[in-house]
Each structure stands twice: as C-alpha cells, then as structure tokens.
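All remarks here apply to the structure that follows.
These figures come from a predicted structure and were not determined experimentally. Atom set for the values below is all heavy atoms of this structure, side chains included, hydrogens, waters and symmetry mates excluded. Ligands are counted one by one from 1 in listed order, and the atoms in each one are counted from 1 as well.
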Amino acid sequence: MRIVITIGGSIIIKDHNYKKFQDYATVLGDMAAEHQIMVVVGGGRTARDYIGIARDLGASEALCDDIGIEVTRLNARLLITALGGDAYPKVPQNFSQALEFSTSGKIVVMGGTEPAHSTDAVGSILAEFVGAELLLNATSVDGLYDKDPNKYPDAQMIEEITPHDMMEMLSDKEMKAGTYEFLDKTAIQIIGRSRIKTVILNGEHPENLEKAMNKKIGTLIIPNP
Ligand code: UTP
C-alpha cells in the first residue's frame, strides 16, 4: 500500500534533540518493509523562530513562508539521516521529484513546497499526486477536537468527520506564516475532492502510525456524502 505520512514539526523537533527522529526512523523502517512510505516533515518551533526574525526584519509573508520551507527541508534532512539506507538521500523540492525518487523503493522524505500553505497541505497534495491509499497526519494531540484541548478541558475528540464539516469548523481561522492550525483549508479541500482516507493521530507516540493501519485510532476523515 502507498502511504503518505505528515509529521508536524511541533512533534519531531519539539525537544530539539535526535530522539524523535530516531524513534520515527525505527517505526518508518518497519512500515517500509511492507508499504511504500512517503513522509512530509513540518518546521516546528525552529521554523516559527526563523519566521519571527524574518518578520521583524520586515520580510513579506511570502518570504517568511519561504524561510519556513527551508526549515522544513532541514528537518527532512535530519529524518533522512536517521533513516540511513532506508531513505532516498535527497529531499524532493516538488511532487514530481517525490514521485521520481519513490521509484527507488526507498522512503521519500520531503518538507514544504510553495508559500501560502502548511506541510499538511503538502501531504494531502502528495497523497493525491501519487495516488496514496492512506494519509496519516501525526499531530500533537490525539485527534481533531471540537475546540482547542490545550485550552479547554471539556474539549471532545471527534472520531469521524467529513471534509465538509471540517471546513465549517475552520472557517474563521486566520492564515499567517507560522500560525496555521493543523490541517489547513487547502489540505481539507484536497482530501475532500480526492476522497483520500485520512487519519489524524497523536504523533508523540510514533507507533500510532502502525496502529492506525489496523485499529481505530484518532480521527478518521470520511468522504463527503
Ligand atoms: P508548517 O507549519 O507546516 O510546520 O511549516 P509544522 O511545524 O508542521 O507546523 P506545526 O507547528 O507542527 O503545526 C512551517 C512554516 O513553513 C511555511 C509556513 O509559513 C509554515 O507555517 N510553509 C511550509 C510554507 O509556506 N509552504 C509549505 O509548503 C510548507
């Protein structure tokens, strides 16, 4: 099965050390024995720090985004380093390159592509582009909640939702470099139009990726009726 996995930077580089990269490399290496794995890595705090400095220097939003993209690609290189021989050694800069590199049979790891969206959008476009059967979105909470679980203790996790209903939930969020909510509008639109089976799960525990293959976990995005 062809699987695209997006790993939020807020997960993989949260502690600013090698550990999560190594833990992810172990799980991804196992999964790659049976599946074609393609990974998109986010920028995390490092990206936000760099974007903040660029903004203070008067950079435009698009330039801030471009600097964020560079950071996501650096994180991709760290994951490639952790994966060693299991990974294709180069970070694709676009989707056709990602497809090309995947013909090696190795795990392909990329970061961002163009300004004005998140790595979650990149993951959904990649899933559409390569015809992935499953998109796994590793984030910092257990799944999608009806409100921010870090702010509201009574927030409820949603087990199943359609892209249409997700769009309604996001309709009043602002879009600025470094501040996107997980799964931005672009990502949801792509998931909706291509009816990509998508699971949002807690990426603090990389083994959740394997669990999602045969167990109900996190939030399942089901196609619009
Ligand atoms: P992300 O916001 O996607 O990284 O990229 P992230 O770390 O996964 O996000 P969280 O914290 O885990 O939710 C970092 C920044 O890089 C730019 C955006 O400015 C984004 O906020 N970016 C990334 C792009 O402009 N285009 C891309 O394709 C990817």
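Using modelled atom types, no side-chain atom of N224 and backbone atom of T162 make a donor-acceptor pair closer than 3.5 Å. Judged by distance alone, with hydrogens and angles left aside, the side-chain atoms of K185 form no donor-acceptor pair with the main-chain N or O of M167 at under 3.5 Å. Formation of a donor-acceptor pair under 3.5 Å by the N75 side chain with backbone atoms of V41 is not found in this model.
Counting atoms of ligand 1 from 1 in the listed order, those under 4.0 Å from a heavy atom of H117 are 18 (C), 22 (N), 23 (C), 24 (C), 25 (O), 26 (N), 27 (C), 28 (O), 29 (C). Less than 4.0 angstrom separates some heavy atom of P115 from each of these atoms of ligand 1: 25 (O). Within the listing of ligand 1, atoms 5 (O) sit less than 4.0 angstrom from a heavy atom of T72. Taking a cut-off of under 4.0 Å to the non-hydrogen atoms of G112, the atoms of ligand 1 that pass are 27 (C), 28 (O), 29 (C). Near G68, meaning under 4.0 Å from one of its heavy atoms, ligand 1 places the atoms 16 (O). If you number the atoms of ligand 1 from 1 as listed, the ones under 4.0 Å from a heavy atom of T119 come out as 1 (P), 3 (O), 4 (O), 8 (O), 29 (C). Listed by number with element, the atoms of ligand 1 under 4.0 angstrom from any heavy atom of S118 are 3 (O), 29 (C). The V122 neighbourhood of ligand 1 comprises atoms 28 (O), with distances under 4.0 Å to a heavy atom of that residue.
Of the polar atoms of D120, none of the N or O atoms is found under 3.5 Å from an N or O of ligand 1, judged by distance alone. Ligand 1 has an N or O atom lying under 3.5 Å from an N or O atom of G43, backbone or side chain. Checked against a 3.5 angstrom limit, the closest N/O atoms of D65 and ligand 1 fall inside it.
Closest of all the heavy-atom pairs between M157 and G218 is CE-O, 3.2 Å.
At a heavy-atom distance under 4.0 Å, only side-chain atoms of R48, from C-beta outward, approach ligand 1. Under 4.0 Å from ligand 1, the heavy atoms of I51 that appear belong solely to its side chain. Looking at A116 against ligand 1, only its backbone comes within 4.0 Å, counting heavy atoms.
Residue Y50 qualifies as open at atom OH: its count of foreign heavy atoms under 6.0 Å is 12 or below. The number of heavy-atom neighbours closer than 6.0 Å to CD of E207, taken from other residues, nucleotides and ligands shown, is above 12.
Among the candidates V39, V4, I3, the single residue satisfying the side chain to side chain contact (heavy atoms under 4.5 Å, CB included) test with L136 is I3.
Note on Y24 and Y18: separate hydrophobic clusters, where clusters join Ile, Leu, Val, Met, Phe, Trp and Tyr whose side-chain heavy atoms are under 4.5 Å apart, directly or indirectly.
For the 3.5 Å distance criterion, the side chains of T139 and N137 fail to qualify, holding no donor opposite an acceptor.
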